[in-house]
Amino acid sequence: MPEFTLTSAPPLAGYDQSFDGVKLGAPVDLAIVSIALPLGGEVAAEKAIKSAYGAALPAPGKSVLSKDGLARLVRLSSDAAFVIFTHATPDAEPHVAEKLKGAAYTTDQTDVWSALEISGAKARTALERICPIDLHADAFADGDAARTSMEHLGTLIIRTGGDAFLLLSASSSAKSFLHAVETSIHNTA
Amino acid sequence: MIINHPHLGPRDAAEFIYLGDASLIDRPDWQDENATEKFYEYGYLRNNPAGEHQELWYHEQGDRSWLVVTRNTLTHEITKVEMARDVARARGRSK
Amino acid sequence: MRYSAFKIFTQGLTGNKGWKPVWREPDPKPEYDIVIIGGGGHGLSTAYYLAKEYGLTNVAVLEKGWLGSGNIGRNTTIIRSNYMLPGNEPFYEFSMKLWENLEQDFNYNAMISQRSILNLVHSDAQRDAFIRRGNAMFLAGADAEYADEAQLRRELPFLDFDNARFPIKGGLYQRRGGTVRHDAVAWGYARGADSRGVDIIQNCEVTGIDIENGVCRGVQTSRGPIRAKKVAMCVAGSSGRVAAMAGMRLPIESHVLQAFVSEGLKPVLPGVITFGAGHFYVSQSDKGGLVFGGDIDGYNTYAQRGNLPVVEDVAEGGMAIMPMIGRARLLRSWGGIMDMSMDGSPFIDKTHIGGLYFNGGWCYGGFKATPASGYCYAHLLARDTPHPVATEMRLDRFKRGHIIDEKGQGNQPNLH
Amino acid sequence: MTQVNRIDGGQVDRSKEVKFTFNGKHMRGFAGDTLASALLANGQRLVGRSFKYHRPRGILTSGSEEPNALVQLRSGAHQEPNTRATVTELFDGLKATSQNHRGSLEYDLMAVTDLMSRFLGAGFYYKTFMWPKAFWEKLYEPVIRKSAGLGSLSMKDDPDSYDKGFIHCDLLVIGAGPSGLSAALAAGRSGARVILADEDFTPGGRLNAETLEVDGMSGADWAAQAIAELAAMDNVRIMTRTTIYGAYDHGIYGALERCTDHLASADGKPRQVLWRIYSKRAVLAAGSTERPIAFGNNDRPGIMLAGAVRTYVNRFGVTPGQEVAVFTNNDDGWRTASDLAGKGVNVTTIIDTRDAPAVCDVPGARHIRNAAVMDTVGRKGLKSVTLTSGQVIPADCLAVSGGWNPNVHLTCHQRGRPEWRDDLSAFVPGADLPAGMAVAGAANGSMTLAAALAEGRSVANEQIKDLGFTASRKAAPKAEDEPRDCAPMWHVGESKNRAWVDQQNDVTVKDIKQSYREGFRSVEHLKRYTTLGMATDQGKTANIPALAIMAECTGKSIPETGTTIFRPPYTPIPLGALGGRARGKDFRPYRLTPSHDWAEKNGATFVEVGNWLRAQWFARPGEQGWRDSVDREALMTRKSVGICDVTTLGKIDIQGKDAAEFLNVVYANAFGKLPVGKVRYGLMLREDGICYDDGTTARMSENHFVMTTTTANAVLVFRRMEFVRQCLCPDMDVHLISTTDGWAQFAVAGPNARNLLRKVVDEAHDISNEAFPFMACGEVTVCGGTPARLFRISFSGELAYEIAVPARFGNSMMGVLMQAGEEFDAVPYGTEALGVMRIEKGHAAGNELNGQTTALNLGLGGMVSAKKDCIGKTLSQRPEMNRDDAIRLVGFRPVDRSLKLIAGSHFINKDDEAKMANDQGWMTSVAYSPSLGHSIGLGFIKSGHERMGEIVRAVSPIHDTEMDVEIVSAHFIDPEGERLRA
């Protein structure tokens with residue numbers, strides 16, 4: 001038996017609030033692993049991703065769900081992607097690496113980021129105050145993803161469906177980011 | 001300003017960091033006989049044109065790509081945006 | 001015509017109809033001893049000191065627009081000599097001393113106002129760097145004063161001391177720093193040069209530089225060719241364009257610096273205040289406007305206008321240190337083109353072309369340098385040796401590895 | 001006071017009476033009034049004083065171009081100076097006071113300046129106040145400053161909040177007058193995403209102010225109907241109370257929405273929102289502004305622009321006077337006469353400069369043709385006007401029309417130049433418009449209602465067709481073309497008395513003539529010399545007449561004389577709105593370390609390090625100040641063990657087949673042969689050969705490295721490495737990703753560090769000195785299986801490790817380490833103790849790696865590998881960077897050990913004078929070393945490495961002090977490095 005035990009406490013754990021027309025919450029146990037496509041090994045890596053997730057890696061700025069619907073593949077740039085899935089223990093990276101069988105480089109990003117889910121009829125109106133990306137459904141469809149900056153904080157925004165968005169920003173500044181989103185909701189309520 | 005990213009479409013230039021003339025890609029060879037002179041020119045002298053300018057922008061609040069943007073320094077009109085990596089390869093920087 | 005209170009009185013009584021033009025509008029002569037390209041502050045002060053201090057009056061200043069239309073006409077009017085490095089500080093202190101006697105020297109009220117300049121300090125490392133700088137200022141014969149937080153609370157109670165994201169821990173004052181009515185500097189120098197025989201030729205654009213066998217013989221202009229024994233470039237902001245006419249590449253990029261003024265307000269600010277944890281500096285003009293600015297936009301440009309992110313960045317800095325200005329309104333914004341040099345410091349030097357001289361690379365700090373720049377450039381043009389306070393402002397310093405980098409940012413102009 | 005000037009009609013809501021005060025006087029108006037219309041309704045003609053001569057002034061206009069009717073609005077911290085009464089929406093409880101007078105508005109003591117005006121002409125101050133020299137700052141300038149400025153700031157923090165936002169559209173329509181509405185309707189019907197913005201609170205523009213008809217109904221009704229149709233389209237966004245203030249590059253427009261300015265209280269919501277509008281195309285439909293004619297004493301309260309008089313009558317149901325005369329050089333002025341007469345207002349006279357028949361029949365009014373107003377009477381309110389013929393006409397209101405100028409402002413924001421149109425005697429937008437912008441209606445010189453409606457539609461249709469939309473076929477609304485003849489007249493030459501051109505800044509026709517006489521003839525010289533056009537109205541009513549008067553002086557045409565362009569903002573924008581949320585603690589986000597909560601609970605004092613908050617020290621009860629805490633933390637660490645959260649150091653994960661080769665490029669020293677399981681100190685140069693950053697890089701596996709950077713440079717180093725990767729070495733297989741926030745990393749330092757870690761690191765991992773020596777690294781598990789990374793590196797000079805766990809466990813880990821360290825009296829230490837220990841060890845940090853120093857200066861010259869290229873290598877070899885007397889980093893101690901060294905002191909040789917020529921270097925960092933019991937310092941001094949033992953002076957004239965210091969090795973403690981290998 002180890003003498004000491006560690007407890008997990010991500011910065012926004014347990015946050016879940018409803019406002020007029022907007023729901024805002026921190027998803028539980030969201031794991032994020034980055035995938036880098038080796039130079040010259042892109043085809044093999046994409047193949048490995050497809051066979052691991054049953055879905056092809058989309059184009060930069062897009063995301064898709066895996067065939068089983070449990071993981072989201074987000075293409076960040078020509079040679080980098082995230083896989084986002086629910087996974088509680090701190091071994092998300094080996095978990096993904098194993099699936100990809102060495103065809104790509106993987107790095108655990110779970111603790112680098114802090115996630116917020118925002119949804120509801122007024123979600124877009126609130127986000128308009130901080131998000132430079134055009135979130136109109138014609139311009140930013142389901143699955144679309146964009147890295148940008150909100151209130152001086154780098155943010156990855158993904159339209160997960162309809163009026164729901166997943167926002168990832170740095171975990172060290174998670175409280176400031178939450179404050180920014182809450183202020184937007186307050187100001188547009 | 002808006003930079004039309006080749007992969008991601010139009011993005012506010014505020015997401016980018018500006019570096020300078022795209023000639024910064026053409027880093028001299030340290031073993032060249034005039035290396036010191038060439039590095040001095042590379043490091044310090046600029047064409048600084050009033051007109052079309054090829055320049056490096058980094059999509060820091062985005063996909064972390066370096067871009068070569070062709071922009072007019074008199075009007076700010078952008079006529080071309082390329083991935084810097086492709087430009088570097090085209091300029092013979094492949095190993 | 002000598003200006004005085006008596007003159008104003010007598011003119012007032014006679015309907016102000018006896019005032020004479022402040023300068024002539026001469027046509028260019030075919031040849032001069034010295035042709036200065038650029039009728040901005042530095043060009044005009046160069047002409048003034050050439051005539052007054054070095055007795056050279058067969059001189060023309062060629063200006064493509066109206067005199068004073070360079071950055072002398074579009075800056076935030078601050079004078080200071082709070083530099084740190086030996087290549088800079090003695091030069092700027094020389095400039096400060098020239099400012100202090102300028103109005104009596106050229107009989108024109110440029111409203112030189114030594115209201116003080118304060119650089120706020122927000123961290124211990126910043127304090128250490130400012131102490132280093134303040135001491136360097138003393139060593140060069142300038143004044144400096146370090147104020148702690150308690151003193152600043154007394155003097156500037158409107159600063160945000162209690163709720164600041166980056167607490168104000170003190171500041172470096174230069175009490176002799178301050179502001180000047182910038183246009184009046186151009187007019188005063190122009191009047192002084194003109195009255196001594198210098199031809200100031202407006203609406204005369206240089207379109208080519210004549211070089212024969214490695215020696216500069218004159219210039220082509222929109223008003224015809226002009227021969228000259230010496231040609232002096234003095235066009236900071238457009239240096240790249242003019243130097244290109246002589247086939248020169250420079251260690252300079254052109255960038256835009258925006259500046260801002262608020263509506264007129266009753267006095268609130270005693271001097272110049274500079275935020276140390278964001279991009280914002282401000283003073284209040286005699287007319288009551290808050291004159292403020294911040295960082296350059298950061299991309300190469302020759303367009304005299306900027307973009308919104310920097311406007312917001314500057315206002316954010318302002319609201320962060322003095323939230324009382326929230327209800328003051330921005331009245332006007334404008335942009336000036338800066339010669340951003342590779343180490344943030346300027347050049348006053350001969351070029352490799354005989355008879356062709358260069359003055360530029362002032363970054364966003366050229367205004368305060370106007371008197372010394374003109375004086376030292378005049379010295380170089382007259383004597384062909386650098387003035388003692390400008391010996392390091394050489395074009396070849398990067399080749400030699402003698403860098404004058406106050407901010408320690410390296411060879412990336414937009415970081416200076 | 002009753003609303004003596006309120007008449008029938010208009011669009012105010014008479015069912016909602018609104019109370020307000022002006023200079024403490026209680027007044028009433030109606031919902032829908034502006035402050036200006038309500039003041040006029042109450043018979044208040046005098047509302048302010050001018051800038052220079054303190055002339056009594058009234059209301060000139062009915063819009064944002066107003067130069068005179070500026071008031072201070074609200075009170076206390078909400079006080080808002082220089083607010084234009086003409087655009088201030090009346091609300092219940094509104095408080096306004098007049099500005100710029102000493103004594104009351106009616107009896108302003110400063111009005112004495114007006115009597116001295118002959119001595120205070122254009123630029124008088126440049127010619128005097130120079131003697132004696134000291135008097136400018138002591139006497140003259142304070143007097144001038146006190147009298148300058150208009151309104152006052154409260155000097156209190158702005159109590160309101162502001163917000164910003166981003167919106168996107170296919171077509172932005174600027175202005176909701178006839179052409180704007182017509183444009184928005186056309187574009188909206190096509191399905192394009194449209195934003196229609198207007199500065200007014202009721203859209204419609206001049207339609208609300210005129211009696212003209214559209215499609216057979218009143219203009220105002222048609223506007224309301226158009227707005228209703230647009231509001232029903234979900235692809236159209238109508239933004240009222242929103243000023244488009246700037247046109248920036250590539251279709252980005254700045255907009256200010258005033259959300260709560262029309263309410264008594266903002267009620268916790270943002271007062272204003274600053275929008276950045278991203279448009280693919282724009283239609284500028286900003287209308288036009290009427291210009292005055294300059295004549296003697298043309299600035300009296302009661303003299304107004306004719307269009308404004310009509311606005312007050314038609315839109316607000318207020319007549320500015322009971323006995324009105326009209327002075328015009330154009331047909332439009334006649335509409336004022338006709339509309340007023342139609343409402344039963346007594347229009348006595350129409351003075352037309354043209355020798356032409358009446359434009360229309362105005363019952364009861366006398367038409368005087370080929371005449372002009374030369375002077376007026378009535379200091380605080382107009383009483384009569386005097387014509388050039390000498391004829392005196394009693395009037396309490398004179399409506400003046402000099403023609404209309406298209407509002408070209410936004411077309412100039414990218415330095416486009418307007419062009420002169422002789423047929424309009426006005427500037428219209430030039431050809432070089434901001435990309436994507438088209439102009440319609442009066443702003444484009446299409447001055448009649450019918451033309452504006454038609455052009456709005458056609459221009460919008462062209463714009464959206466470019467974007468691939470199909471234009472709707474619905475026809476443009478119908479209206480009549482009203483007569484628009486205009487014979488330019490800029491000032492009345494016969495006037496003997498001063499005739500104002502720029503009313504706010506008190507610039508007269510004489511001033512312009514004097515400016516000409518003195519050689520200030522270009523437009524820019526004119527503006528700068530006389531201050532014309534520099535007031536809060538930016539010369540909207542003054543610039544063109546002034547240009548025309550200068551043209552008269554030069555004998556050239558107006559376009560030859562020059563043009564004036566406009567800069568953002570269109571109307572003044574509060575700095576609060578431009579600052580948005582960035583105030584106080586919200587100026588920038590906070591980054592918190594993973595153990596922040598633990599530190600907060602354990603007495604930490606925090607310090608801002610970039611955006612990070614770090615624990616600076618942990619005070620314990622009884623300690624008398626920070627030094628006590630810091631000394632204890634440093635001593636205890638050196639004696640036993642201390643723990644410090646070092647998460648803020650940048651961490652970059654580097655993977656790829658070419659990763660090692662890549663590191664060889666970015667680091668000055670070699671990394672190719674670093675074995676797996678080892679860490680190496682690395683030094684980075686800039687390309688100019690100056691030191692950039694330092695840190696350690698660990699090789700986790702053949703193709704996997706973990707780099708650390710300094711806290712300050714984490715982002716910059718990453719950016720630069722991406723530059724090398726993509727631009728310099730595009731075919732290296734190497735990939736970078738930041739993991740700074742992902743790992744909570746702790747330094748565990750001190751002789752008991754290993755003993756402590758043994759209790760935390762799972763037993764399977766051997767961390768003995770043999771198995772895990774100095775500079776070893778590896779993946780381990782802690783506390784029963786939690787993955788961790790262990791690095792044996794030391795900044796303190798002690799036996800030390802850095803241990804990293806996933807950030808989610810960071811707070812808990814800090815507690816665990818402290819618990820495990822209890823038996824060793826482990827202490828947490830903050831950045832101060834960290835700094836003390838690094839100075840004791842002579843490690844360079846930010847004060848030494850300040851971007852001005854080379855590897856040679858830092859004593860690290862040997863690290864720049866001769867065998868390979870690296871960034872900065874070649875330029876670091878330049879001669880003056882390698883001088884024999886180059887500065888070197890060394891240690892310093894005071895000769896008198898009781899003295900405290902000062903960072904920032906300069907070094908002067910013993911017998912030299914303290915001046916710049918003798919400057920030997922400077923002290924970079926100082927600390928009190930609790931281990932040595934005295935102050936120690938690091939610093940750069942010329943040839944320092946050859947001067948050990950020499951005594952020099954450390955001078956700090958800014959503190960008026962100096963002391964003798966001895967040059968010593970920078971390694972104050974354990975110079976052989978035995979402790980860290982223990």
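In what follows, every chain begins at residue 1, and chains take the letters A, B, ... in the order their sequences are listed. The structure presented is a predicted model; accordingly, all values stated were derived computationally and were not measured.
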Original post:
Short question: side chain of C:N307, backbone of D:D249 - any donor-acceptor pair under 3.5 Å?
Top reply: yes
**OP:** Pick whichever of D:R276, D:K146, D:E687 has the most heavy-atom pairs under 4.5 Å with chain C.
**Re:** D:R276
**OP:** Answer with side chain, backbone, both or neither: which region of D:T83 has an atom nearer than 4.5 Å to a non-hydrogen atom of chain C?
**Re:** both
Original post:
Taking it one step at a time, do C:N135 and D:I902 satisfy side-chain contact (heavy atoms from CB on, under 4.5 Å)?
Top reply: CA-CA 11 Å; C:N135 282 328; D:I902 297 170; 5.6 Å; no
**OP:** Just do the side-chain contact (heavy atoms from CB on, under 4.5 Å) check on D:L153 and C:K266 with the steps written out, would you?
**Re:** CA-CA 7 Å; D:L153 288 177; C:K266 293 295 178 199; over 6 Å; no
Subject >> Heavy-atom pair count under 4.5 Å with chain C, highest-scoring of D:R528, D:E80, D:R118 >> reply: D:R528
Subject >> Any side-chain heavy-atom pair of D:D158 and C:P323 under 4.5 Å >> reply: no
**OP:** Tell me, out of C:D313, C:N203, C:N16, who's got the most heavy-atom pairs with chain D below 4.5 Å.
**Re:** C:N16
Original post:
Just by modelled atom types, is the D:A535 backbone N or O under 3.5 Å from a matching donor or acceptor in the C:K287 side chain?
Top reply: no
**OP:** Give, as side chain, backbone, both or neither, the part of C:R127 having an atom under 4.5 angstrom from any heavy atom of chain D.
**Re:** neither
Original post:
When only pairs under 4.5 Å are counted, which of C:D160, C:V261, C:D343, C:I325 shares the most heavy-atom pairs with chain D?
Top reply: C:I325
**OP:** Check whether any side-chain N or O of C:Q104 sits under 3.5 Å from a backbone N or O of D:M130 as a donor-acceptor pair, and report yes or no.
**Re:** yes
**OP:** Sort C:I403 into side chain, backbone, both or neither according to what part of it lies under 4.5 angstrom from a heavy atom of chain D.
**Re:** side chain
Subject >> C:Q11, part contacting chain D, at a heavy-atom distance under 4.5 Å >> reply: neither
Original post:
Given the options D:R517, D:K915, D:M923, D:R567, which has more heavy-atom pairs under 4.5 Å with chain C than any of the others?
Top reply: D:R517
Original post:
So which of C:A303, C:G134, C:A144 has the largest heavy-atom pair count under 4.5 angstrom toward chain D?
Top reply: C:A144
Original post:
Taking side chain as C-beta onward, heavy atoms only, is D:R145 less than 4.5 Å from C:D286?
Top reply: yes
Subject >> Contacting moiety of C:S113, where chain D heavy atoms sit under 4.5 Å >> reply: both
**OP:** Output, in order, the C-alpha distance, side-chain angles, deciding distance and verdict of side-chain contact (heavy atoms from CB on, under 4.5 Å) for D:H525 and C:Q202.
**Re:** CA-CA 12 Å; D:H525 282 156; C:Q202 304 187 64; 3.5 Å; yes
**OP:** May I ask you to name which of D:R686, D:M881, D:R581, D:K513 has the most heavy-atom pairs under 4.5 Å with chain C?
**Re:** D:R686
Subject >> Part of C:S285 within contact of chain D (heavy atom distance under 4.5 Å) >> reply: backbone
Original post:
Picking from D:Y125, D:Y140, D:F587, which has the most non-hydrogen pairs under 4.5 angstrom with chain C?
Top reply: D:F587
Original post:
Given a strict heavy-atom distance threshold of 4.5 Å, which part of C:L269 is in contact with chain D: side chain, backbone, both, or neither?
Top reply: backbone
Subject >> Non-hydrogen side-chain atoms of C:R132 and D:N850 separated by less than 4.5 Å >> reply: yes
**OP:** May I ask you to decide whether C:E100 forms a salt bridge with D:K133, counting only side-chain N to carboxylate O separations under 4.0 Å?
**Re:** no
Subject >> Contacting moiety of C:D124, where chain D heavy atoms sit under 4.5 Å >> reply: side chain
Subject >> SB check D:D160 C:R327 (cutoff 4.0 Å) >> reply: yes
Subject >> Non-hydrogen atoms of C:F158 and D:D157 that approach each other most closely >> reply: O-OD1, 4.5 Å
Original post:
For C:E263, is it the side chain, the backbone, both, or neither that has a heavy atom closer than 4.5 Å to a heavy atom of chain D?
Top reply: both
Original post:
Are any of the side-chain heavy atoms of C:S69 and D:E524 separated by less than 4.5 Å?
Top reply: no
Original post:
Do D:D688 and C:Q409 have side-chain heavy atoms sitting under 4.5 Å apart?
Top reply: no
Original post:
side-chain contact (heavy atoms from CB on, under 4.5 Å) between D:L274 and C:E312: does it pass, once the steps are laid out?
Top reply: CA-CA 10 Å; D:L274 189 93; C:E312 296 181 37; 4.0 Å; yes
Original post:
Is there side-chain contact between D:E880 and C:R397, with at least one heavy-atom pair below 4.5 Å?
Top reply: no
Subject >> Plane angle bin for D:Y126 and C:Y108 - parallel if under 30°, tilted between 30 and 60°, otherwise perpendicular >> reply: parallel
**OP:** Please confirm whether the backbone N or O of D:P589 pairs with a side-chain atom of C:R165, one donor and one acceptor, at under 3.5 Å?
**Re:** yes
Original post:
Taking C:G401, C:G15, C:S123 one by one, which has the highest count of heavy-atom pairs under 4.5 Å against chain D?
Top reply: C:G401
Original post:
What's the spacing between D:I690 CD1 and C:N411 CG if we round to 0.5 Å?
Top reply: 9.5 Å
Original post:
Among C:L85, C:I131, C:N101, C:V311, which has the most heavy-atom pairs under 4.5 Å with chain D?
Top reply: C:I131
**OP:** Can you tell which part of C:R24 gets under 4.5 Å to a heavy atom of chain D, answering side chain, backbone, both or neither?
**Re:** neither
Original post:
D:F566, D:Y516, D:F129: which one forms the most heavy-atom pairs within less than 4.5 Å of chain C?
Top reply: D:F129
Subject >> Distance under 6.0 Å and angle within 45° of ring axis: D:R878 vs C:F398 >> reply: no
**OP:** Identify which part of C:M137 has an atom lying under 4.5 Å from any heavy atom of chain D, answering side chain, backbone, both or neither.
**Re:** neither
Original post:
Are the side chain of C:N109 and the backbone of D:T128 linked by a donor-acceptor contact shorter than 3.5 Å?
Top reply: yes
Subject >> Residue part contacting chain D, namely of C:L67, when any heavy atom lies under 4.5 Å >> reply: both
Original post:
Is it the backbone or the side chain of C:Q114 that comes under 4.5 Å from a heavy atom of chain D, or both, or neither?
Top reply: both
**OP:** List the atom of C:F138, the atom of D:P957, and the distance in Å for their closest heavy-atom pair.
**Re:** CB-CG, 3.4 Å
Subject >> Residue selection (most heavy-atom pairs with chain D, distance under 4.5 Å) from C:P267, C:A328, C:A5 >> reply: C:A328
**OP:** Below 4.5 Å from any heavy atom of chain D, which atoms of C:A129 appear? Answer side chain, backbone, both or neither.
**Re:** neither
**OP:** Indicate whether the side chain of C:R332 and that of D:Q538 have a donor and an acceptor atom separated by less than 3.5 Å.
**Re:** no
Original post:
Do the side chain of D:R588 and the main chain of C:A277 share a donor and acceptor less than 3.5 angstrom apart?
Top reply: no
Original post:
Do the non-hydrogen side-chain atoms of C:W19 and D:K127 ever get within less than 4.5 Å of each other?
Top reply: yes
**OP:** Measure C:D128 against the heavy atoms of chain D and call it side chain, backbone, both or neither at under 4.5 Å.
**Re:** both
Original post:
Which heavy atom of C:K169 sits nearest a heavy atom of D:V607, and at what distance?
Top reply: NZ-CG2, 4.2 Å
Original post:
Heavy-atom distance under 4.5 Å between the side chains of C:R329 and D:T571, does that happen here?
Top reply: no
